[in-house]
Structures are given as structure tokens and as C-alpha cells.
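Only this structure's heavy atoms are used, side chains among them; waters, hydrogens and symmetry mates stay out. Letters A, B, ... mirror the listed sequences (proteins, then strands); counts begin at 1. As the structure is a computational prediction, the values presented were derived from the model and not from experiment.
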Amino acid sequence: MILPRSFYARDTITVARELLGKEIVHRGDAGVTSGIIVETEAYPGGEDLASHSAAGITDRTRVIFGAPGHAYVYLCYGMYWCLNFVVEREGAPGCVLIRALEPLKGMEIMRRRRPRAKSDRELANGPGKLTMALGITRRENGVDLTRGSLTVHTHGGEVPFDIAVTPRIGITKCADLPLRFVRM
DNA sequence: CCGCGGATCTTCT
DNA sequence: GAAGATCCGCGGA
């Protein structure tokens, strides 16, 4: 089942936690690839200076202030694409960074896109790696996650799991907030 | 396994 | 003009 827009139209931390265990599916030119979300980070906006939306509405951040259930894709360090999901109600900023996937469908396609991966678990165990594995680039910025080529689904047969909570990785502002969530 | 530095370019100051 | 939500290869333990 595709997650409905109401799933995303909630507070950032709740959505970041509940995205763990869900399946991201991308239908690209090479075929279908997918993976289970195992690591996320919350970027709630507002007082959080680490959130891109702290800069206000700009060409880059406009999508973060828009309707929930859309993708926010940006270029990191000039070389890597990072995938976020827009959350909170329309007009309120908030997004969730997808930091790692457990590869599921289209493993052959992902291996071709990630020639440097020495094992299957290295295919998508990082924010830049998972966009490479799924073939996600600027083209996907702003797309609707409830229809189209990039969607998020429930994943049946999921057994309960623990969630580890830690500070977010690789930031300098608001670096101590416990906003990173990892499926154990 | 761990730490270090280079690559590379968009965005905001 | 500088920083930045990263990755990879290298060298050492």
C-alpha cells in the first residue's frame, strides 16, 4: 500500500520514526529498484538551524514549505544527491532525510550504479549512496510520493524492531539534538 | 577497524 | 568567498 498524504502531514519526528521499515520504490529508465528504510534524520524547521528551511523560502527550500508527501532532493558537497521527504502541513517547513536503505528489488541495477560497493550492504548504506543506487537526481526534486515513479509503501510481514536515537551526522549547527533514528 | 584529506559545485553571505 | 545533511582511497594499528 502506498503511504497516503496524511502519513506525511504530521510532526517531523513522528514521521521520521515511522518511516523506518517502509519501502521506497523507484521506477527508472533501467527498471525498478527498491529498499527498506533503516535510517532517517528529522529536520523540523523552525528553531532548528541545521534545517535548510532555516534560511527561509528560497528557490532551493520552496518545496520544504509546500504540501507534504513530496520529495526534496538537493546536491550535497557538489557531488552527491540527498533524498528527503517533505512533512508537516502545507505552509509549515519540515522534512526527513533518508540516510540508509536495505536493498530489496533491482539488486543487479543497483550494483551497476554503485560499482565501488564491495558488498550488497554497501549499495545504499549512506544518503549519497542510496540516491546513486536508486538513480535519484535533481529530476526527482518536488515529485509527489503518493503517485508516479517514486513512491513509498508499507512492507508486510515486518516484525517489531527497536529504534536507536542519536544526534544527527555531519552537521555543526544544533549538532546535539537527538533527531537521528536507526532501525535495530 | 580507524583517521585523514581530496574531490567538486550550488547556495547563501 | 566560504561552507556544506558525503564518499572513497590511503596509510597505520
Novice: State whether A:Thr58 places a side-chain N or O below 4.0 Å from either non-bridging phosphate oxygen (OP1 or OP2) of B:dC12.
Specialist: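 So the side-chain polar atoms of A:Thr58 do come within 4.0 Å of the phosphate oxygens OP1 or OP2 of B:dC12, strictly under.
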Novice: OP1 or OP2 of C:dA5 sitting under 4.0 Å from any side-chain N/O of A:Ser51?
Specialist: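 The answer is no; no side-chain N or O of A:Ser51 sits under 4.0 Å from OP1 or OP2.
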Novice: If you find the nucleotide of DNA chain B closest to A:Gly78 and the one closest to A:Ala55, which residue's nucleotide is nearer the 5' end?
Specialist: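 The 5'-side residue here is A:Gly78.
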Novice: Kindly indicate whether the side chain of A:Leu75, heavy atoms from C-beta on, has any atom under 4.5 Å from the side chain of A:Trp81.
Specialist: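 Yes, close enough: below the 4.5 Å cut-off.
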Novice: Checking side-chain contact (heavy atoms from CB on, under 4.5 Å) for the pair A:Leu3/A:Leu19: CA distance, chi angles, key distance, verdict?
Specialist: CA-CA 10 Å; A:Leu3 300 182; A:Leu19 276 170; 4.2 Å; yes
Novice: Between C:dA5 atom P and A:Ile64 atom CD1, what is the distance in whole Å?
Specialist: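 Interatomic distance, CD1 of A:Ile64 to P of C:dA5: 11 Å.
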Novice: Between the protein and nucleotides 6-8 of chain C, which nitrogen or oxygen pairs are less than 3.5 angstrom apart?
Specialist:
residue: C:dT6; atom: OP1; partner: A:Arg99; partner atom: NH1; Å: 3.3
residue: C:dT6; atom: O3'; partner: A:Gly128; partner atom: N; Å: 3.4
residue: C:dC7; atom: OP1; partner: A:Pro127; partner atom: N; Å: 3.1
residue: C:dC7; atom: OP1; partner: A:Gly128; partner atom: N; Å: 2.6
residue: C:dC7; atom: OP1; partner: A:Lys129; partner atom: N; Å: 3.0
residue: C:dC7; atom: O4'; partner: A:Tyr80; partner atom: OH; Å: 3.2
residue: C:dC8; atom: OP1; partner: A:Arg114; partner atom: NH1; Å: 2.6
residue: C:dC8; atom: OP1; partner: A:Arg114; partner atom: NH2; Å: 3.4

Novice: Measure from NZ on A:Lys173 to C1' on B:dT13 and round the result to the nearest Å.
Specialist: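 The distance from NZ of A:Lys173 to C1' of B:dT13 comes to 11 Å, rounded to the nearest Å.
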Novice: Rounded off to whole Å, could you give me the CG-to-P distance for the A:Asp59 and B:dT13 pair?
Specialist: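 A:Asp59 atom CG is separated from B:dT13 atom P by 13 Å.
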Novice: What is the nucleic acid contact for A:Arg138, judged by heavy atoms within less than 4.0 Å: base, sugar-phosphate only, or nothing?
Specialist: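 The residue A:Arg138 makes sugar-phosphate contact but no base contact.
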Novice: Rounding to an integer number of Å, can you tell me how far A:Leu75 CG sits from B:dC12 P?
Specialist: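 Going from A:Leu75 (CG) to B:dC12 (P), I get 13 Å.
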Novice: With side-chain contact (heavy atoms from CB on, under 4.5 Å) as the test, would you mind laying out the steps for A:Thr40 and A:Arg17 before giving the verdict?
Specialist: CA-CA 7 Å; A:Thr40 63; A:Arg17 296 180 67 100; over 6 Å; no
Novice: Is there a side-chain contact between A:Leu150 and A:His26, using heavy atoms and a 4.5 Å cut-off?
Specialist: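 A side-chain contact exists here, since the closest heavy-atom pair is under 4.5 Å.
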Novice: Over all strands shown, is A:Asn84 touching base, sugar-phosphate only, or nothing at heavy-atom distances under 4.0 angstrom?
Specialist: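 It contacts base atoms.
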Novice: Do A:Arg62 and A:Phe65 form a cation-pi contact, if we require the NZ or CZ to be under 6.0 Å from the six-membered ring centre and within 45 degrees of the ring's axis?
Specialist: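 No, A:Arg62 and A:Phe65 do not form such a contact.
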Novice: When you compare the side chain of A:Tyr80 with that of A:Thr131, does any pair of heavy atoms fall below 4.5 Å?
Specialist: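 Heavy-atom side-chain distance check fails, nothing below 4.5 Å.
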Novice: Would you say a side-chain N or O of A:His52 is under 4.0 Å from OP1 or OP2 of B:dT11?
Specialist: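 A:His52 to B:dT11 OP1/OP2: no side-chain N or O under 4.0 Å.
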Novice: Atom CH2 of A:Trp81 and atom P of B:dT8: how far apart are they, to the nearest Å?
Specialist: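 So the CH2-P distance, A:Trp81 to B:dT8, works out to 15 Å.
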Novice: Could you spell out the base pairing of DNA chain B as a dot-bracket line? Use Watson-Crick and G-U wobble contacts where both distances are under 3.5 Å, [ ] for crossing pairs, | for partners on a different strand.
Specialist: |||||||.||||.
Novice: Are A:Lys173 and A:Asp48 close enough for a salt bridge, meaning some N to O gap below 4.0 Å?
Specialist: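 Answer for the salt bridge query: no.
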Novice: Please determine whether residues A:Phe161 and A:Val152 belong to a single hydrophobic cluster, defined as Ile, Leu, Val, Met, Phe, Trp and Tyr linked transitively by side-chain heavy-atom distances below 4.5 Å.
Specialist: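 Yes, A:Phe161 and A:Val152 fall within the same hydrophobic cluster.
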Novice: Would you check if A:Glu47 and A:Cys174 make a side-chain contact, meaning some heavy-atom pair closer than 4.5 Å?
Specialist: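 The answer is no; the side chains never approach within 4.5 Å.
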Novice: In whole angstroms, how far is the P atom of B:dT11 from the CG atom of A:Asn141?
Specialist: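 Going from CG in A:Asn141 over to P in B:dT11 covers 10 Å.
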